[in-house]
Amino acid sequence: MSRQYWLMKSEPDAFSIDDLAAKPEQTEHWDGVRNYQARNMMRDQMQMGDRIFFYHSACKVPAIVGLAEVASQAYPDHTAFDPESKYFDDKSDPQNPRWWMVDVKFVEKFTQPISLKTLKAMPELEQLALVKRGCRLSIMPVAELEWLAILNKLGSE
DNA sequence: GCCAACGTTGGC
DNA sequence: GCCAACGTTGGC
């Protein structure tokens, strides 16, 4: 399968791209996803080496702030089994896990983030879920042409 | 902090 | 299986 591209949202107050860069191996498991569409993409479609736009949401300037990559195949999200975790879900059975995650590895932090405002102004991104009204998907695919158009914005702001 | 949009839950 | 109620997301 050829390389695919993704966008993953994170609230910087909870887990920022700097947090990812500071992890051992600059890698962290992407736990806590409790949305079926997002889960399916991680479980069924993500491949090691796929590239990711790291997006900061619910903050002052929502923006793509850098790059990461998929660093594992999907495996069960163990936080769903932990009653102490805020992500605990008693309907997820270790024998038949409901929730899955992948490892994500830091690649690069942009010197200049690409803001949601900028992304919304790009005609090439009209089909991108992120810029659509009320989009709450925390993980979404990015088409190759969209990926390239966004990278082209780097340094042009 | 507000609130629109969305996904999920659960009664029927 | 419908749909109202609810909780959450996330831009503003």
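A, B, ... follow the sequence lines: proteins, then strands. Residue 1 opens every chain.
Under the ring-ring contact (aromatic ring centres under 6.0 Å, His included) criterion, A:Phe110 pairs with no residue, sequence neighbours left out. Residues meeting the ring-ring contact (aromatic ring centres under 6.0 Å, His included) test with A:Phe106, sequence neighbours left out: none.
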Interface polar pairs with nucleotides 10-12 of chain C, N/O, under 3.5 angstrom:
| from | atom 1 | to | atom 2 | distance (Å) |
| --- | --- | --- | --- | --- |
| C:dG10 | OP1 | A:Lys9 | NZ | 3.0 |
| C:dG10 | OP1 | A:Arg136 | O | 3.2 |
| C:dG11 | OP1 | A:Tyr55 | OH | 2.8 |
| C:dG11 | OP2 | A:Ala58 | N | 3.0 |
| C:dC12 | OP1 | A:Lys120 | NZ | 3.2 |

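We find that CG of A:Asn40 is positioned 14 Å from C1' of B:dG7, with the value rounded to whole Å. Atom C1' of nucleotide C:dG7 and atom OH of A:Tyr87 are separated by 16 Å, given to the nearest angstrom. To the nearest angstrom, P of C:dT9 lies 15 Å from CD of A:Gln37. The interatomic distance linking A:Arg133 (CZ) with B:dC3 (C1') rounds to 14 Å, in whole Å. In this entry the distance linking CG of A:Asp13 with P of B:dG1 reads 14 Å, nearest Å. If you take CG of A:Leu7 and C1' of C:dT9, they are 15 Å apart, rounded to a whole angstrom. Taking atom CD1 on A:Ile139 and atom C1' on C:dT9, their separation rounds to 14 Å, with Å as the unit.
Sorted by first and then second residue, the salt bridge (charged side-chain N to carboxylate O under 4.0 Å, His left out) pairs with a member in residues 51-61 of chain A read A:Arg51-A:Glu69; sequence neighbours excluded. Residue pairs meeting the side chain to side chain donor-acceptor pair (under 3.5 Å) criterion with at least one partner in residues 5-14 of chain A, sequence neighbours excluded, are A:Trp6-A:Asp50.
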Below 3.5 Å, can you tabulate the donor-acceptor pairs from side chains in residues 125-135 of chain A to any protein atom, sequence neighbours excluded?
none

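Proximity of a side-chain donor or acceptor of A:His56 to a complementary backbone N or O of A:Ile17 within less than 3.5 Å is detected.
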